[in-house]
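Below, chain A is the first sequence line, B the second, and so on; all start at residue 1. FYI, side chains are in, hydrogens and waters are out, and symmetry mates aren't considered; it's all heavy atoms of this structure.
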Number of protein chains: 2
Amino acid sequence: MATHLAAAFKNAGHRIVQVYSRDMQHAALLAYHVGAETIDNLDQLNNETDLFVISVKDDVIGTIAEKLTQYQKLIVHTSGATHMEAIQAFNPNAGVFYPLQTLSKTKEVDFRNVPLCIEGSDENITNQLTALAQTISNKVYRVNSTQRKVLHLAAVFACNFPNYLYGAAQQLLAKNEMDFEMLRPLILETAQKVQDHMPGAVQTGPAVRNDQQTMAMHLEMLGDESALKVIYELLSQEIIKNNNTDPIAK
Amino acid sequence: MATHLAAAFKNAGHRIVQVYSRDMQHAALLAYHVGAETIDNLDQLNNETDLFVISVKDDVIGTIAEKLTQYQKLIVHTSGATHMEAIQAFNPNAGVFYPLQTLSKTKEVDFRNVPLCIEGSDENITNQLTALAQTISNKVYRVNSTQRKVLHLAAVFACNFPNYLYGAAQQLLAKNEMDFEMLRPLILETAQKVQDHMPGAVQTGPAVRNDQQTMAMHLEMLGDESALKVIYELLSQEIIKNNNTDPIAK
C-alpha cells in the first residue's frame, strides 16, 4: 500500500520527504523509488512537511500516531477497517486516505482509477485531503468511518471471496487435467458485465434458473469435495432466494 | 447462446440456412440478423446443410436430436452439462460445440476470445468441428464429456457465485448509502489479476492473513445478515485452510 501510494504522489508532482520503517531495507526500497530520505528511527523525523501518512498494520496505527503528535501536523492513516479515532485520539488534525483496491507488490496499478475514500476530522481538513486525493485519482469519495468499515467488509465479498472461488474452480479443472487458462475469459467477462450492470440483473447459472436437475448433478460431482459442496448448496440457495424476492434480480 | 453463436458463424463467412424455434418470433429475430429462413415446424427442414446445431434447453436436446436423425447429418449440441450421448444415441455423427462464456442478450461478446470446447463422436468429426471452431475463436479446446461437465461446474464457481457475491457487496453498500460504483474498479482488478497469476498466489484479505481481529469485527457487522454471516465464516475458513496446506497460496 505505502509503495503504491508513494509512487502515485510522486508521479503527481508531490515531494516525499522521508520514509520511515522499523525495517531499514523496506524503507530504503520505497524511498529509493520516490527520491526520499530513509529513516528507521522516529527521532530523525524531519517535520518540514505538510502531511504524515501512516500506512502500517492496523494494530500499530495508534502507536505511531501517538509518537507523531508532538509535531502538530495533519496525520492520516490508509486503513479501511480502522476508525479515524485511532489518530484523532492523539491529534485533532486527523484524517483517512483509504484506497479501495487490491494492491500487489508484483503488479502496478493505475491510481487514477483507484477509488480514494476520504475522511477528515473537520470540514477544512476534509477539503484539503479531497483536493490532495484528486491530484492522484479521478474517483474521490467522502466516506465516514462507519461507511468505510462497511466498504472494507464489502470488499471481502467483492474481491477476496471471488478470488477464492476462482481458485476452487482452478483446482476442479486441475484434477481433471484441464488448464485454468480455459476459465480466464469467463472470469474477466463476469467482472466486466457488472461494470455497467447491477449484479442481480446479470446473474446466470443453474441456481437463478432454479434448474434443480443440473444443481443435483453438480452436487453429486462434488461428492468428495465436502467444503465445496457446502459452499455450492449455500450460495445456490441464496441465489434462488434473491431471485424470488428481488425484482431487479430477474 | 444460439443468437451469439449464429452471429459468430455469420461474421466468419458461414451461411445459416434456417433457424427453427417453436416460437416463430424467437426464430425470426435470430434469423433476420443472419439472413436465414425462419421455420417453426421441423417438417419444413431444409437438409441442404453440413451441420445441425441444437442450442436449446438441456432437457429437450434428445427430443430434437431424435427428430433430426432421418437426415443423417452431423449434429452438435452446445450444452456444458449434457453428454454427447444425448445426440449419439440417435445419430452416429454427433458432436459438442460448447462456448465457455457467460452470454447476455444485452451485451455483445467478441467470440474470438470465447473458449470453444469441442467433442466429436470420432476423430474425423472432432477434426471437422475443431476446424469450424477455429474459424470463429482463437481458443479452441478438445474436451470430452466428463471434462466438459467439470468445466460447467467450475464455471459456476468462477462466474455465477462471484456474481452473487458482487450483489451481496452491492447490497451492503446500498444499506449504508453508498454506490456500487465504488466497488467496480476493485471487482475488475480482481479478475484482471488472475489473467496472468494463479488465484492462490494473489489471494488477499483478512482470511489469508489469518487476521482474527478483522474477521471478528466483520462477523459482528454482519450480525443481522445471517446468510452472509454463514458465507463469510465458511469461505474464510476455507481460505485459511488452503493457505496452511497449499504452498502456492502463500
Side-chain angles (χ1 to χ4, degrees), chain A residues 81 100-102 104 107 113-115 141 147 149-151 153-170 172-173 176 178 180 182-191 193-195 198-200 202-207 214 217-218 221 227 230-231 234-235 238-239, chain B residues 81 100-102 104 107 109 113-115 141 147 149-151 153-170 172-173 176 178 180 182-191 193-195 198-200 202-205 207 214 217-218 221 227 230-231 234-235 238-239:
Chain A
L100 180 57
Q101 189 51 281
T102 172
S104 335
K107 187 171 185 296
N113 293 321
V114 174
Y141 298 94
Q147 286 177 315
K149 279 189 185 184
V150 173
L151 269 178
L153 169 60
V156 173
F157 283 90
C159 162
N160 307 151
F161 290 165
N163 188 74
Y164 162 75
L165 294 171
Y166 302 158
Q170 176 243 313
L172 285 172
L173 260 57
N176 290 272
M178 289 181 289
F180 181 55
M182 299 179 79
L183 281 176
R184 285 184 164 129
L186 176 65
I187 286 171
L188 195 55
E189 176 69 11
T190 304
K193 259 190 183 175
V194 297
Q195 299 303 306
M198 285 306 222
V202 293
Q203 182 69 51
T204 54
T214 301
M217 185 182 77
H218 283 169
M221 289 168 71
V230 178
I231 291 168
L234 184 58
L235 295 181
E238 288 307 307
I239 293 170
Chain B
L100 181 57
Q101 188 51 281
T102 171
S104 337
K107 186 171 185 297
V109 62
N113 294 319
V114 173
Y141 298 94
Q147 287 177 315
K149 279 189 184 183
V150 173
L151 268 179
L153 168 61
V156 173
F157 283 91
C159 162
N160 307 152
F161 290 164
N163 187 74
Y164 162 76
L165 295 171
Y166 302 159
Q170 175 243 314
L172 286 172
L173 260 57
N176 290 272
M178 288 182 289
F180 181 56
M182 299 179 80
L183 281 176
R184 285 182 164 132
L186 176 65
I187 286 171
L188 195 56
E189 176 69 12
T190 304
K193 258 189 184 176
V194 297
Q195 298 304 306
M198 284 307 222
V202 294
Q203 183 69 52
T204 54
T214 301
M217 185 182 76
H218 283 168
M221 290 168 70
V230 178
I231 291 168
L234 183 59
L235 294 181
E238 288 307 307
I239 292 170

Pairwise side-chain contact, A:L188 with B:N113, heavy-atom cut-off 4.5 Å (strictly under): no

Min side-chain heavy-atom separation A:I187-B:Q195 under 4.5 Å: yes

Portion of B:Y166 that has a non-hydrogen atom of chain A nearer than 4.5 angstrom: both

Where B:L173 and A:A154 come nearest, the two heavy atoms and their spacing: CD1-CB, 3.3 Å

A:M221 CE to B:K149 NZ distance, which is reported to the nearest 0.5 Å: 7.0 Å

B:N160 and A:P206, any side-chain heavy atoms less than 4.5 Å apart: yes

Reported OG1-to-CD distance for the pair B:T204 and A:Q101, which is rounded to 0.5 angstrom: 9.5 Å

Leading residue by heavy atom contact count with chain B [cutoff under 4.5 Å; candidates A:G167, A:P185, A:A207]: A:P185

Straight-line distance of A:I239 CD1 to B:L165 CG, nearest 0.5 Å: 8.0 Å

Under 4.5 Å from any heavy atom of chain A - which part of B:F161: both

Region of B:L172 that comes under 4.5 Å of a non-hydrogen atom in chain A: both

Residue among A:N163, A:V156, A:T190 with most heavy-atom pairs under 4.5 Å to chain B: A:N163

Separation between CE of A:M178 and CG of B:L151, rounded to the nearest 0.5 Å: 4.0 Å

Modelled atom types, side-chain donor and acceptor of B:Q147 and A:N176, under 3.5 Å: no

Which portion of A:V150 sits near chain B, non-hydrogen atoms under 4.5 angstrom: both

Heavy-atom contact with chain B under 4.5 Å, split by part of A:T214: side chain

Chain B contact via A:L235 - which portion, at a heavy-atom distance below 4.5 Å: both

Reported CE-to-CG distance for the pair B:M182 and A:L100, which is rounded to 0.5 angstrom: 6.5 Å

Part of A:Y164 within contact of chain B (heavy atom distance under 4.5 Å): both

Greatest number of heavy atom pairs closer than 4.5 Å to chain B - which of A:V114, A:L234, A:I231, A:V194: A:V194

Top of B:G205, B:P162, B:A155 for chain A proximity - count of heavy-atom pairs under 4.5 angstrom: B:P162

Per-residue contact mode, B:V230 against chain A (heavy atom under 4.5 angstrom): both

